[in-house]
There are 2 protein chains.
Amino acid sequence: MARGSTRPTSRDVAEAAGVSQAAVSLVLGDKWRGRVSQPTADRVREAARQLGYRPNLAARNLRLGRTRTVLLVVPVLTTEFFAGVYTGAARIAAEHGFGVVLYPSPEGIGPARDPFASAQAALDGVIASSMAADALTAIRGDQLPLVMLDSDPEGSLGAATVNLDITDGIRQVTEHLLALGHRHFLHLAADVPSWTFDIRARELATRTATVPGTTVRTARAPITIEDARTATETALGAPGPRPTALVCDDDKLAAGAYKAIRRLGLRIPDDISVTGLDDLALATAIDPELTTVKLDAELFGERGMQALLAVLDGRTPQEGDIPVQLVVRGSTAPPSAS
Amino acid sequence: MARGSTRPTSRDVAEAAGVSQAAVSLVLGDKWRGRVSQPTADRVREAARQLGYRPNLAARNLRLGRTRTVLLVVPVLTTEFFAGVYTGAARIAAEHGFGVVLYPSPEGIGPARDPFASAQAALDGVIASSMAADALTAIRGDQLPLVMLDSDPEGSLGAATVNLDITDGIRQVTEHLLALGHRHFLHLAADVPSWTFDIRARELATRTATVPGTTVRTARAPITIEDARTATETALGAPGPRPTALVCDDDKLAAGAYKAIRRLGLRIPDDISVTGLDDLALATAIDPELTTVKLDAELFGERGMQALLAVLDGRTPQEGDIPVQLVVRGSTAPPSAS
DNA sequence: AGGAGGCCGTTATACGTAAAACTACATGCG
DNA sequence: CGCATGTAGTTTTACGTATAACGGCCTCCT
């Protein structure tokens, strides 16, 4: 409890155990077999325990030239989705003795600051979501090994990418709605500049184009429930035939759409079918439960981390998108005969 | 682009600019006024830019003996609430040149690992939520400056605490329901061992005890929508008079309760009133919108960080709980005459 | 007997940075 | 002139760790 006393160093431990600092390092680093006797090793460990010694990570990192720490750059942290990504990445990291530090891209933290200023930890590499676009320039400037999540493989010069098969997800959604008989779609698009959202619109367009007589309108909103509500309300209030199916870029947008639809006095799925994308807890909290596409966020995180470890190792990361799965619930049904 | 070439150091910059390493440190550290001439300073900065120099943080941290990095230990990262806490803490931290590193307490990352093993960053201090209970022993072992969020001020020997005024929140909820005429309560309690949940039950009990003829039953569930649903369903199916008001420990539990109530064929708020606590996005996504207590997560994070900065500075942190605010929405109404 | 090798350590060094201590020269002032 | 003050740097050192290089002593084999 001695106030002002500094943390014990390996030299303090050495003194207490009556050995040299090198011996302490060997013992605690588990490299002592054949170099230090059993009794001495025990004495060192006991002294370290008594003093409450913890190695100075800054010194270790400096000495070793690596930190076994990796940065995960994600957009706003407000969704379970990125929590899952983190969990998966951290699990794999832990298995390899790595740590993961989060940089939630700034939202009110100030003008698009460089992530390295905030996450001051010394880093071995970076995993970045393509949604955290503002941080990318800073990252690119650095020569740290980089893995991009959900990013255009063409556009991310050199950096390894790991992608969810969102295109297939939207295809499954579209097939499902077409099979139910829907022909008139409204696409509630996320107003976020990111490749992963661009391909949603693209796939919906190309898939419906193969069926004659289909129409697709588009509304656009930031990913908040309130914005989604107002956007949907104005879109559905527009003149012309009302769409019978509403395809949302993610579950949160769908939740907003639910509110708009209720306000307009319409029923789901009788008057209009709604689909989401993510399968958050939200999807089963709302009534009726949402037909959506399940994304395996943890697997996404795991694959991202594995890719980064591969890059750090000089190996080639595993290829192939991560499969996704349509989950049909109560928010979709055939269009009412009219 | 030279592959395998190592990152440039301040010595490389010095050589390129034709000065000593010390001069580089002075210039880039902004301590050069009166020590280095303007032209030389410019030359150094230009050389640093050209080489893409970034200081080695491990070395800087070692030299300075501090890292300007702080660890935020939170429970599962799946709620917006802790995202808000992070945002607030990071804002204040950035204003003081600090960084914040997150340690989401393990949930499938392995058996209650020591947070410092995962967040390998060298740290100046720690802010920990009392909900991340498993990590606390490891933290206590360390002698890092510590601030506890929502923790029993008596139990946290020495560590500074910053608390939301949850007691007042539950009091506001209870007053509201009593004023509406409710007398028979069901308390859906979070099955999490944490002081912040203990005081919810305590306050509900003491407040209702002042009004004759009130009853309080308790159901208990982990904080997931599914668990909350089953717990509520069995509790409401139990014999005896049905409660007319359901007080939930947080919004997520309330969302589960909604589903149970719908399954039982009851209506909110006609047959039963429901309240939450947090005011997440979820609260306005469900129908009817949830009467709940708004917690200012960002302010919570800000105050936590300010307290830690005070501790690091040898000052005494600001006293006083953070006020909370009841938000009345559509899920509460007078009990139906029966 | 003598040296080869195993055992049990120690001494010395480097990692990259910040900053204290020092040097060298010019200018101003009594 | 002699000394203080100011300018513009350089030299040197320390932070705490991991490990390469070194060295004594004992045993055992030929």
Is [X] near enough to [N] that one of its side-chain N or O atoms lies under 4.0 angstrom from OP1 or OP2?
{"X": "B/Thr40", "N": "D/dG9", "value": "yes"}
{"X": "A/Thr9", "N": "D/dG16", "value": "no"}
{"X": "A/Ser37", "N": "C/dC8", "value": "no"}

Closest listed nucleotide, where the reference is the side chain of [X] and the choices are [options]:
{"X": "B/Val36", "options": "D/dG9, C/dA12, C/dA19", "result": "D/dG9"}
{"X": "A/Ala22", "options": "C/dA12, D/dG16, D/dC22", "result": "C/dA12"}
{"X": "B/Lys31", "options": "C/dA19, C/dT17, D/dG9", "result": "C/dA19"}
{"X": "B/Arg11", "options": "D/dG9, C/dT17, D/dT17", "result": "C/dT17"}

More than 12 heavy atoms of other groups within 6.0 Å of B/Gln38 CD: yes
task: Could you grab the distance from atom CE of A/Met148 to atom CG of A/Asn163, nearest 0.5 Å is fine?
output: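 Output value for this atom pair is 9.0 Å.
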task: Map B/Ser20 and B/Leu64 onto DNA chain D by nearest heavy atom, then report which one ends up closer to the 5' terminus.
output: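 Checking each residue's closest nucleotide, the 5'-ward one belongs to B/Ser20.
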message: Students often get this wrong, so: under 4.0 angstrom with heavy atoms, is B/Val19 touching a base, only sugar-phosphate, or nothing?
response: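 The answer is sugar-phosphate, as B/Val19 gets under 4.0 Å only of primed atoms, P, OP1 or OP2.
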message: Heavy atoms only, 4.0 Å cut-off, all strands: where does A/Gly34 land among base, sugar-phosphate and nothing?
response: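 Base, at least one base atom sits under 4.0 Å.
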- line: Checking B/Leu308, B/Ile127, B/Leu309, B/Val126 against B/Pro145 for side-chain contact (heavy atoms from CB on, under 4.5 Å), the one that qualifies is B/Leu308
field: Short side-chain donor-acceptor distance under 3.5 Å, A/Glu46 and A/Gln50
entry: yes
